[in-house]
Student: 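Here it is, the structure in full.
Every chain is numbered from 1 and lettered A, B, ... according to where its sequence line falls, protein lines coming before strand lines. These numbers come from a predicted model, not from an experiment.
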2 protein chains.
Amino acid sequence: MVQRKRSSCGLHLVNPDRDCNSCDLPKKCIGEGLDKEQIDTISSIIQQQGPIKPGEAIFRMEDRFRSIYAIQSGTVKIESALDDGTPLIHGFYFSGELVGVEAVGDSHYQSDAIALETTWVCEIPFERIETLCIEIPKLQQEILHLLGKRIRYTNRTIVQGRYLSADRRFLLFLNDLYQRKGEIKADGSRRVTLPMTKGDIAIHLGLRPESLSRALSKLQEEGVLRNRAREIEILGDNEGLLSCVWM
Amino acid sequence: MVQRKRSSCGLHLVNPDRDCNSCDLPKKCIGEGLDKEQIDTISSIIQQQGPIKPGEAIFRMEDRFRSIYAIQSGTVKIESALDDGTPLIHGFYFSGELVGVEAVGDSHYQSDAIALETTWVCEIPFERIETLCIEIPKLQQEILHLLGKRIRYTNRTIVQGRYLSADRRFLLFLNDLYQRKGEIKADGSRRVTLPMTKGDIAIHLGLRPESLSRALSKLQEEGVLRNRAREIEILGDNEGLLSCVWM
DNA sequence: CGACCTGTTGAACTCCGTCAAGGCGTGTGG
DNA sequence: CCACACGCCTTGACGGAGTTCAACAGGTCG
């Protein structure tokens, strides 16, 4: 039996349990709580895209901003670079989450969205969403709240992470990851599968790969987690992760 | 002669040169490019508040989110804390800028907004702005773009700053500060007056006060700037600041 | 005047970055 | 099938940037 925990991180747009076959919207997209007619209107402007293969881009820095994208399946990393070329990973996004919202109000995306696995997305032209918001106040509210949530998410992860040591920074990241896509296995063990490389995680956390590797070894030694190739098993009690972060 | 440079950082809501005595809006508030009637409508829902003395709060973490605030004069720092109590400064905001937008879509503010100088603000009830957005599409667009800009601003300052050394991190901060409130004096010298303590700047940059102090001494020695009590003078050529940041 | 806050400086220590080497899994080509 | 290369990860040794702890200088305010 596999049980999925769901986000308290505010990145999910819709209830993943919602039965989307009963409407014309691709599963896991915007428009939570709207009536049939409104959902039909939204459906008419969005468009499914895929498959996007690992390493391929959904959008790039140079592209003009036109749409935001709801991920239907797969994993996406948002990546840019400093002026001197050092890479910068802003975040990882999964099925049911949105990418591209950072570009709202700008002429171009200012980062690349790269698929880490074979990925399907749902393109949502933003100008038409803005127009629709006039007719559907609830949609306007959803979009506004969405942007607010993204600001708070950055504050809770990257901004707060700055003040933490390497191992705690990773635990903060792991906790978020577990909330969003962690699984409880049949034997009761709590695990997170990593679709990204540990090198990418290191960059995202503002660390060197070597430093992250050492932090992981240390945490494993302390019995906090089990470090596998593409999977982290979380040991200790239920709320143990965050209590480790904050001592 | 004092000349003011203006923001390319996207935090300003309106053109500061706009003649606001000709309308009912307190100077420097939202509603750029709207007609007289629309501005009157907005005016009717906003309310001026002040004076807020140094150390007093505009809002606090515990407060329910109801309004965003446009700063009319003064300086505000946005502050919170990690779970273990270590302070965290998210940013500093000046006359003509907005605070509280991070809370859009949440029930409470999740940070304190503290005045650093005697400050006047303009309260903008957000629920009523949301309603007005239905009638005034241009206003909706302004608010959406505003939130997007805030996300990008955090990306450019805090997120990118993480990857820089202490002195470059400060230069990035100083450059932003100079764009937003720097002055060119009569003798041609370019200066930034600091309304916040250097201790607060250090916290904001994720550094210890001692580390920032050392970085400032180093930069002064190198002839990049002159470090005064409450003022930084920028030496070197016009575009020198950022070129120092990126080598 | 003395208490207090802010900022600066020095010395020892710590954590992370850097450089270098090696292990492991995967894919490819002989 | 094995050899080899390659990417990813880990480990070790070293050095450096920033933290910590402590002392002190300058300014402000009671």
Student: Just how far, in rounded Å, is P of D/dT10 from CG of A/L216?
Tutor: 6 Å

Student: Nearest whole angstrom, please: distance from the C1' of D/dC9 to the CD1 of A/I203.
Tutor: 14 Å

Student: For the side chain of A/R208 and the base of D/dT10, is some donor closer than 3.5 Å to an acceptor across the two?
Tutor: no

Student: What is the ring orientation for B/Y109 with B/F65, classed by angle as parallel under 30°, tilted 30 to 60°, or perpendicular over 60°?
Tutor: perpendicular

Student: Going 5' to 3' on DNA chain C, which nucleotide is the first and which the last to come under 4.0 Å of a heavy atom in chain B?
Tutor: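 Listing 5' to 3', DNA chain C meets chain B from C/dG7 to C/dA11.
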
Student: D/dC9 phosphate, OP1 or OP2: any side-chain N/O from A/N227 under 4.0 angstrom?
Tutor: no

Student: Using salt bridge (Lys or Arg N to Asp or Glu O under 4.0 Å), reason through B/R150 and B/E102 one step at a time and then give a plain yes or no.
Tutor: CA-CA 8 Å; B/R150 180 60 59 94; B/E102 326 83 42; 3.1 Å; yes

Student: Figure out the NZ/P separation between B/K198 and D/dG26, and round it to whole Å.
Tutor: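 After rounding, the gap between these two atoms is 15 Å.
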
Student: In whole angstrom, what separates B/E210's CD from D/dA23's C1'?
Tutor: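 Rounded to the whole Å, the gap is 12 Å.
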
Student: Send over the distance from B/L205 CG to D/dA17 P, rounded to a whole Å.
Tutor: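 Between P of D/dA17 and CG of B/L205: 18 Å.
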
Student: Can you tell whether the side chains of A/E62 and A/R60 come within less than 4.0 Å, N to carboxylate O?
Tutor: no

Student: Hey, does the side chain of A/T119 reach the backbone of A/E117 with a donor-acceptor pair shorter than 3.5 angstrom?
Tutor: yes

Student: Test salt bridge (Lys or Arg N to Asp or Glu O under 4.0 Å) on A/R180 and A/E97 and set out the steps.
Tutor: CA-CA 10 Å; A/R180 286 157 71 194; A/E97 301 177 342; 2.8 Å; yes

Student: Is the shortest distance from a Lys or Arg side-chain nitrogen in A/E231 or A/R191 to a carboxylate oxygen in the other one below 4.0 Å?
Tutor: yes

Student: Of the options D/dG18, D/dA22, D/dG12, whose atoms approach the side-chain atoms of A/R214 most closely?
Tutor: D/dG12

Student: Between A/E233 (side chain) and A/L225 (backbone), is there a donor-acceptor pair under 3.5 Å?
Tutor: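 Checking the backbone N and O of A/L225 against the side chain of A/E233, no donor-acceptor pair under 3.5 Å is found.
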
Student: With a 3.5 Å distance limit and no angle check, can you tell me whether B/R190 reaches the backbone of B/Y178 through a side-chain donor-acceptor pair?
Tutor: no

Student: Taking any heavy-atom pair under 4.0 Å as a contact, classify A/L207: base, sugar-phosphate, or nothing.
Tutor: sugar-phosphate

Student: Based on the rotation axes of five pairs at each end, what angle does the helix from C/dC1-D/dG30 to C/dG30-D/dC1 bend through, to 10°?
Tutor: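 Rounded to the nearest 10 degrees, the bend comes out at 20°.
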
Student: Using atom types as modelled and distance alone, determine if a side-chain donor or acceptor of B/Q48 lies under 3.5 Å from a backbone N or O of B/C122.
Tutor: no

Student: If the cut-off is 4.0 Å, is A/T197 near the phosphate of D/dG7, judged by side-chain N/O to OP1 or OP2?
Tutor: no

Student: Measuring to OP1 and OP2 of D/dA17, would you say a side-chain N or O of B/K218 lies under 4.0 angstrom away?
Tutor: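 No, B/K218 has no side-chain N/O under 4.0 Å of OP1/OP2 on D/dA17.
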
Student: So, is B/S211 near the phosphate of D/dG18, with a side-chain N or O under 4.0 Å from OP1 or OP2?
Tutor: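 For D/dG18, OP1/OP2 do not have a side-chain N/O of B/S211 under 4.0 Å.
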
